[in-house]
Amino acid sequence: MRTPCIRVCSLDPLTGLCTGCGRTTDEIAGWMRFSDEERETIMEDLPSRLAALAPESTKMLETIG
């Protein structure tokens with residue numbers, strides 16, 4: 001079974017997405033139960049999710065700092 005996990009498990013506090021793979025906690029927890037099609041659909045969306053994480057995290061740090 002294909003998985004996007006890279007063993008860097010840390011949730012972004014603003015989005016709730018894993019900063020390693022880009023999945024939500026529900027997606028991570030349900031990964032084994034999802035169909036191949038559901039997993040592929042999620043995996044297609046992950047690059048854009050991960051790309052969006054960096055600017056949001058940077059904004060949060062600037063606000064705090």
Whether Glu44 side chain and Thr41 backbone form a donor-acceptor pair below 3.5 Å
no
Check: Trp31 and Pro4 side chains under 4.5 Å, non-hydrogen atoms:
yes
State, with a plain yes or no, whether a side-chain heavy atom of Leu17 is found less than 4.5 Å away from one of Leu11.
no
Run the numbers on Arg39 and Met1 for side-chain contact (heavy atoms from CB on, under 4.5 Å), then give the verdict.
CA-CA 9 Å; Arg39 286 191 294 269; Met1 171 185 314; 3.7 Å; yes
Exercise: identify the closest heavy-atom pair between [X] and [Y]:
{"X": "Arg49", "Y": "Arg23", "result": "NH1-CA, 3.7 Å"}
{"X": "Cys18", "Y": "Ile28", "result": "CB-CD1, 4.0 Å"}
{"X": "Phe34", "Y": "Asp26", "result": "CZ-O, 4.2 Å"}

Rounding to 0.5 Å, atoms CG (Asp45) and CD (Glu40) come to a distance of 12.5 Å
For the CE atom on Met32, are there more than 12 heavy atoms of other groups (residues, nucleotides or ligands in this structure) within a distance under 6.0 Å?
no
Assess the residue pair Leu53 and Thr19 against the criterion (side-chain contact (heavy atoms from CB on, under 4.5 Å)); give the C-alpha distance rounded to whole Å, side-chain angles, the decisive distance to 0.1 Å, and a yes or no.
CA-CA 7 Å; Leu53 278 180; Thr19 60; 4.2 Å; yes
